[in-house]
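Everything numeric in this text was worked out from a predicted model, so none of it was measured. In what follows, chains are A, B, ... by sequence order, proteins preceding strands, each numbered from 1.
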Amino acid sequence: MIDSRQMQSLAARLAQPEVRGRSPWADARRRFRRNKAAMVSLVVLVLVGLFAIFGSQLAAWSNEEMDFAIMGQAAQLGAPSWSNGHYFGTDDLGRDLFSRTVQGTQVSLMVGLIGAGIAVVVGTLYGATAGYVGGRTDGIMMRAVDVLMSIPYMFVLILLLVVFGRSMSMLFLGIGLISWLDMSRIVRGQTLSLKNREFIEAARATGVPAWRIILRHIVPNLMGVVAVYATLLVPLMILSESFISFLGLGVQEPLTSWGALISEGAGTMNYGTLWQLAFPLFFFCITLFAFFFVGDGLRDALDPKDR
Amino acid sequence: MFGFILRRLAVAIPTLLLLIVVSFLLMHAAPGGPFTQERALPPQVLANLNAKYGLDDPLWRQIVNYVWGIVAHFDFGPSFVYPDRSVNQIIAAGFPVTLTYGGIAFVVAVAVGVSLGVAAAIRQNSWMDYLAVGVSIGAQVLPNFVMAPLLVLVFTLWLGWLPGGGWGGPVYWIMPVVALATHFMASIARITRSSMLEVLGSNHIRTARAKGLPERAVILRHALKPAMLPVISYLGPAFVTMITGSVVIDMYFSTGGIGRSFVDSALNRDYAVMMGITILVGALTILFSLVVDVLYAWIDPKIRY
């Protein structure tokens, strides 16, 4: 009864490798790879990251050692040189600027990533909850965000740092306190457009509790937008930290950051020690550039209609 | 319109009160009092000082007094570090300076940014466009605390054209204004360019061109107004960042504005001055965002208030 020829063709058909579907993520990856500026920036970021992690292994001097031969005469003897191992020169205390820059890069990148990380977690949950629950709760939650946004946060942050003492954890807390506001607004907007879709309705109809709908169905669908804004947040966090450190209110010696190094370099440049400004500024600028370009590239890749 | 302003004020005033109370509580929570010194004061002296500044009152009474002083008499109380100066005097000394260069920087940033953005949009893909886009990308990584040293390096140390700091005639205004304005000018140029490009592609512009209006009238009368809406909504955040940036300008150029007083008081733990300036800046921010909202509602006929 069974047509063996048809069976054979069916078997052959089944034996063929399945045509692979392209997921939206694979599409996005392809679009991102085609964006040259973003790819170059990604390489730059990887290099800066490697510099932060392995830079101290390359350094001839540690960041705390003082070169007494140079101390006090940085303008004459402290210039960058291969022969004495100060690749980026030294500061006026004879400390090796290469090691200091490595350390500053570590601190600044860490502040940027942790600040953006806090923003992602808090902002996503807050925004998704407000958007999903809706109604009066939403009104109150977003009004609170409006109120917080109209506060001059840099002044409040400095107030916090002075009142509770300047420490890394306070800096993280202070930057984290304000960084999530924009994120929560963006996430709320996305959630509002998601929550009436059929798959959410289906989840609700089968009795999934609200918190699980938010975590399992809403949040994963927000990841594209969140990834884009998180990438753009990192440079903003680095800018905030550098701003505060430039004023001398951020990270304290012996720790250092790009802002603190730039501040030091800017203060001493009229003695002719220009390298103290140039090297930290170079790393600061290329990293910010790279983050902005990667963020733009991600936006184009993940959200192609938003052009 | 009137109701709209009233409703906005109904949000603005509690916000401001919240800011005052929160910063007061922060100050209160600080470890050590304002008179804690390395050498402990005799208890009687400390008690007298506390009585003089009203610090022995219950907390709620202090808050009420403080808020009442600000609301009724516009009085931020005395400085804790300089007994002969009140917070009002310190603010009054620095505020005109900040207002001068801040105001000029604001006008320059908006004027240059909008012109650059419009010029780039009407000649899309010309050298003008590339210049505008290049400048605005470059300025993204040149915040005021990077611009300030670079300007001093070039114009004071290398060329010797401009004084590196201090406050006097208009020569002293140039570098603070440029350092403060660059970042905003670039952002405004970018926003103007993209919104102008969008408006220029819309139907009403095609109609205006089709009925034979001269290009100048099309741009100035029909395209510019709708294209300004995103720029106006950016002015609120721009104002906040600008007034924050004035701290760096005051520190770096020794211009003597309120930013300097703020950082000095932060380093001296002069809480009364810090709070006074924070509250003043907060009030200005809230007022400014109110003005921006009203302006927006006035320009955009689609907004119902």
Side-chain angles (χ1 to χ4, degrees), chain A residues 37 143-144 146-166 182 232 235-236 238-240 242-249 258-259 262-272 274 276-278 280-281 284-293 296 307, chain B residues 11-12 14-16 18-19 22-23 26-31 137-138 140-146 148-150 152-153 156-157 164 183 236-237 239-241 243-245 247-248 251-252 259 262-263 265-271 274-275 277-286 288-290:
Chain A
R143 189 51 54 80
D146 287 347
V147 168
L148 286 175
M149 278 197 128
S150 61
I151 285 174
Y153 75 89
M154 199 56 92
F155 287 78
V156 176
L157 179 51
I158 293 174
L159 202 66
L160 275 176
L161 284 170
V162 168
V163 167
F164 294 109
R166 290 171 228 156
D182 269 321
L232 293 172
L236 295 185
I238 293 178
L239 274 172
S240 300
S242 300
F243 182 91
I244 293 170
S245 291
F246 184 85
L247 296 176
L249 296 164
W258 283 333
I262 291 172
S263 166
E264 216 178 298
T268 57
M269 70 186 180
N270 45 347
Y271 307 126
L274 212 55
Q276 278 198 56
L277 180 63
L281 197 56
F284 176 83
C285 285
I286 59 164
T287 309
L288 290 199
F289 254 129
F291 269 115
F292 282 127
F293 277 122
D296 276 350
R307 286 230 64 180
Chain B
V11 181
T15 308
L16 197 55
L18 185 78
L19 179 63
V22 167
S23 46
L26 268 180
M27 179 182 92
H28 195 84
I137 291 178
Q140 256 182 344
V141 297
L142 291 175
N144 41 41
F145 61 88
V146 172
L150 289 181
V152 169
L153 183 69
T156 307
L157 292 179
H183 195 80
F239 177 80
V240 178
T241 331
I243 206 156
T244 315
V247 177
V248 160
M251 289 298 286
Y252 199 76
F262 186 74
V263 176
S265 60
L267 294 171
N268 285 335
R269 300 184 149 248
D270 193 347
Y271 298 129
M274 289 188 79
M275 278 173 61
I277 294 175
T278 307
I279 291 164
L280 180 75
V281 170
L284 282 178
T285 310
I286 291 166
F288 196 83
S289 70
L290 182 67

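At a 4.5 Å heavy-atom cutoff, the contact between B:Ile137 and chain A is made by backbone and side-chain atoms alike. With a 4.5 Å cut-off on non-hydrogen atoms, B:Thr278 touches chain A through its backbone and its side chain both. No part of A:Ile286 comes within reach of chain B, as not one of its non-hydrogen atoms sits under 4.5 angstrom from that chain. For B:Val22, no part lies near chain A; criterion is any non-hydrogen pair under 4.5 Å. Residue A:Phe292 touches chain B through its side chain alone, counting heavy-atom pairs closer than 4.5 Å. Using a 4.5 Å cut-off between heavy atoms, B:Phe262 contacts chain A through its side chain alone, with no backbone atom that close.
Of the listed residues B:Val146, B:Val263, B:Leu142, the one with more heavy-atom pairs under 4.5 angstrom with chain A than any other is B:Val146. Chain B forms more heavy-atom pairs under 4.5 Å with one residue of A:Leu247, A:Thr287, A:Ile262 than with any other, namely A:Leu247. The candidate from B:Val240, B:Leu153, B:Leu284, B:Ile286 with the greatest count of non-hydrogen atom pairs under 4.5 Å with chain A is B:Leu153.
In this pair, B:Phe145 and A:Phe246 present their aromatic rings tilted. The plane angle is within the 30 to 60° band. Classification of the B:Phe239-B:Phe288 ring pair by plane angle, with boundaries at 30° and 60°, yields parallel.
Atoms CZ and CG, on A:Phe284 and A:Leu281 in that order, are 7.5 Å from each other to the nearest 0.5 Å. Rounded to the nearest 0.5 Å, atoms CG (A:Leu288) and CD1 (A:Ile238) are 6.0 Å apart. The distance from the OG1 atom of B:Thr15 to the CG atom of B:Leu19 is 9.0 Å, given to the nearest 0.5 Å.
Within the 4.5 Å cutoff, side-chain heavy atoms of B:Thr285 are placed close to those of B:Val281.
Side chain of B:Tyr252 to main chain of A:Ala266: a donor-acceptor pair is present (N/O by atom type, distance under 3.5 Å, no hydrogens or angles).
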